[in-house]
Number of protein chains: 2
Amino acid sequence: MSGSKQNVESASTCYAASFDKGHLALPPSKKYLVLTCMDARIDPAQAFGIELGDAHVIRNAGASAVDALRSIIISQQLLGTDEIVLVKHTGCGMLTFENADAYQIVRKKLGQAATEELHERKLDFLPFPELERAVAEDVDFLKRSQLVPDSVALSGWVYEVETGQTRRVV
Amino acid sequence: MSGSKQNVESASTCYAASFDKGHLALPPSKKYLVLTCMDARIDPAQAFGIELGDAHVIRNAGASAVDALRSIIISQQLLGTDEIVLVKHTGCGMLTFENADAYQIVRKKLGQAATEELHERKLDFLPFPELERAVAEDVDFLKRSQLVPDSVALSGWVYEVETGQTRRVV
């Protein structure tokens, strides 16, 4: 087994030994969801103050609201959350390329069949050129979607990977 | 401001005060990614032993590999990860409904315009009826995709929300 798999097993043994949260209910007790980036430098529980059981945490490349829509609807309509805290971050990889670049990298590294699969899936990598504008645009997308009712509270934030601070943008 | 927003601000002040990881690089240092569910009862860093900077963490409703494909390609082809640790969990909400149920709930709660938006987006909620089979099927989807090269190590796990343990399935 590779290092990361052994890692999961040893961490799990240790975590389970002192685990006392087996009673928590499925719906998040604080009825909110955090949408943030998959970036390795973000620990949402610590950085945003989320206790186990409090909130849904959705993570994808760039904290894209469009990409997260399926999960957001399930969180709200099936599991009762009514607030979205959207957090993008400084130094995000999504600021560094455009769709055409990603398509070219896939073609070069993975070849023709992979490129065809990309096209078949009409895959949009959803990069963005400007951080704070991207936060505002994603919050706006959620506001405009019929699938996110007006009663849902929305806020947009930037986490600074350099300082560990999170500041509100919208 | 609502409670969760104050929460982010106070947690952030506290976290930043003792933050000393501003030097971490963008690419995950251990070159792997963890794909797990948005469920509020999972803390991936603690439960799966992920140190800050180690790994990408993708989270969506049900830990769906199909839904995560965009992020997975970015993680691997642009940021150099070469292993996927996929973790679904006991008591997952995705085991409790079918697409038709979700469509009906949206129609009832959000009305006709929202339902039309669901149809326009051809939204598949990606629920699954059986946990361990779903883990195996998602790992198989990744194996078969041209967009995930054979050199990528894959494993599938189940996290038990009742015990805090993570066990390997495939």
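Computed from a prediction, not measured in an experiment: that's the story for all the values here. Throughout, protein chains are lettered first and strands after them, A, B, ... in sequence-line order, and every chain is numbered starting at 1.
- Taking a 6.0 Å sphere around CD of Q104(B), one finds it holds 12 or fewer heavy atoms contributed by other residues, nucleotides or ligands.
- Interface summary for chain B: among A55(A), S10(A), S12(A), the most heavy-atom pairs under 4.5 angstrom belong to S12(A).
- With a 4.5 Å cut-off on non-hydrogen atoms, V106(A) touches chain B through its side chain but not through its backbone.
- More than 12 non-hydrogen atoms from other residues, nucleotides or ligands lie less than 6.0 angstrom from CD of E116(B).
- To the nearest 0.5 Å, the span separating SG on C14(A) from CD on Q46(B) amounts to 9.5 Å.
- Going from atom CG of L24(A) over to atom CD1 of I42(B) covers 11.5 Å, rounded to the nearest 0.5 Å.
- A single hydrophobic cluster is not seen to contain both L79(B) and Y32(B); linkage of ILVMFWY side chains at heavy-atom distances under 4.5 Å, directly or through other members, places them apart.
- Taking CG of N60(A) as the start and CG of N60(B) as the end, the distance is 8.5 Å to the nearest 0.5 Å.
- In terms of heavy-atom pairs under 4.5 Å with chain A, the best-connected choice from K108(B), E162(B), E51(B), Q77(B) is Q77(B).
- With contacts defined as side-chain heavy-atom distances shorter than 4.5 Å, the pair S64(A)/R70(B) qualifies.
- Between chain A and the options P127(B), G62(B), A25(B), heavy-atom pairs under 4.5 Å are most frequent for A25(B).
- Follow the hydrophobic side-chain contacts under 4.5 Å out from L126(B) and you never reach L131(B); the two are in separate clusters.
- Residues V135(B) and V148(B) are members of one and the same hydrophobic cluster, defined by side-chain heavy-atom contacts under 4.5 angstrom among Ile, Leu, Val, Met, Phe, Trp and Tyr.
- Following chains of ILVMFWY side-chain contacts shorter than 4.5 Å, one cannot reach V161(B) starting from L95(B), and the two form parts of different hydrophobic clusters.
- Counting heavy-atom pairs under 4.5 Å between each of G164(A), A11(A), G22(A) and chain B puts G164(A) at the top.
- Only the side chain of L123(A) comes within less than 4.5 Å of a heavy atom in chain B; its backbone stays farther off.
- In this structure, chain B has a heavy atom under 4.5 Å from the side chain of L110(A), while its backbone stays farther away.
- Of the two parts of A45(A), only the side chain, counted from C-beta on, holds a non-hydrogen atom closer than 4.5 Å to a non-hydrogen atom of chain B.
- In this structure, S71(A) and A61(B) approach most closely via the heavy-atom pair OG-N, 2.9 Å.
- We find the OG-CZ distance between S145(B) and R121(A) to be 5.5 Å, quoted to the nearest 0.5 Å.
- Of the atoms belonging to S29(A), not a single heavy atom falls under 4.5 Å from chain B.
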Given side chain to side chain contact (heavy atoms under 4.5 Å, CB included), test V8(B) with R168(A) step by step and report yes or no. CA-CA 9 Å; V8(B) 175; R168(A) 186 153 180 198; over 6 Å; no
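- Atom CZ in R41(B) sits 9.0 Å away from atom CG in L52(A) (nearest 0.5 Å).
- Taking H56(B), Q165(B), K109(B) one by one and counting their heavy-atom pairs under 4.5 Å with chain A, the maximum is reached by H56(B).
- The local environment of NZ in K143(A) is sparse, with at most 12 non-hydrogen atoms from other residues, nucleotides or ligands closer than 6.0 Å.
- Looking only at distances, a side-chain donor or acceptor of N7(A) sits under 3.5 Å from a matching main-chain atom of G49(B).
- Heavy atoms closer than 4.5 Å to chain A are found nowhere in T96(B), neither backbone nor side chain.
- Contact count against chain A (heavy-atom pairs under 4.5 Å) is highest for R59(B) among R59(B), M94(B), R167(B).
- Between chain A and the residues L33(B), I105(B), D101(B), D20(B), the largest count of heavy-atom pairs under 4.5 Å involves I105(B).
- In this pair, Y159(A) and F19(B) present their aromatic rings perpendicular. The plane angle is above 60°, beyond the 30 to 60° band.
- Taking hydrophobic clusters as Ile, Leu, Val, Met, Phe, Trp and Tyr residues chained together by side-chain heavy-atom distances below 4.5 Å, L86(B) shares a cluster with L154(B).
- Using a 4.5 Å heavy-atom threshold, the side chains of I73(A) and F125(B) count as touching.
- Most heavy-atom pairs under 4.5 Å with chain B: of the set L69(A), V85(A), T13(A), I50(A), this distinction falls to L69(A).
- The candidate from T163(B), D39(B), V87(B) with the greatest count of non-hydrogen atom pairs under 4.5 Å with chain A is T163(B).
- If you measure heavy-atom distances from L35(A) to chain B, you find no contacts under 4.5 Å at all.
- Here CG of L118(B) is found 5.0 Å from CG of L147(A). Values are rounded to the nearest 0.5 Å.
- A distance-only check finds a donor-acceptor pair linking the side chain of E117(A) to the backbone of Q146(B) [under 3.5 Å].
- Here the side chains of Y15(A) and T166(B) are not in contact, with every heavy-atom distance at 4.5 Å or above.
- Screening V34(B), I58(B), V57(B) for a side-chain contact (heavy atoms from CB on, under 4.5 Å) involving M38(A) leaves a single residue, I58(B).
- Within the 4.5 angstrom heavy-atom criterion, only side-chain atoms of K30(A), from C-beta onward, approach chain B.
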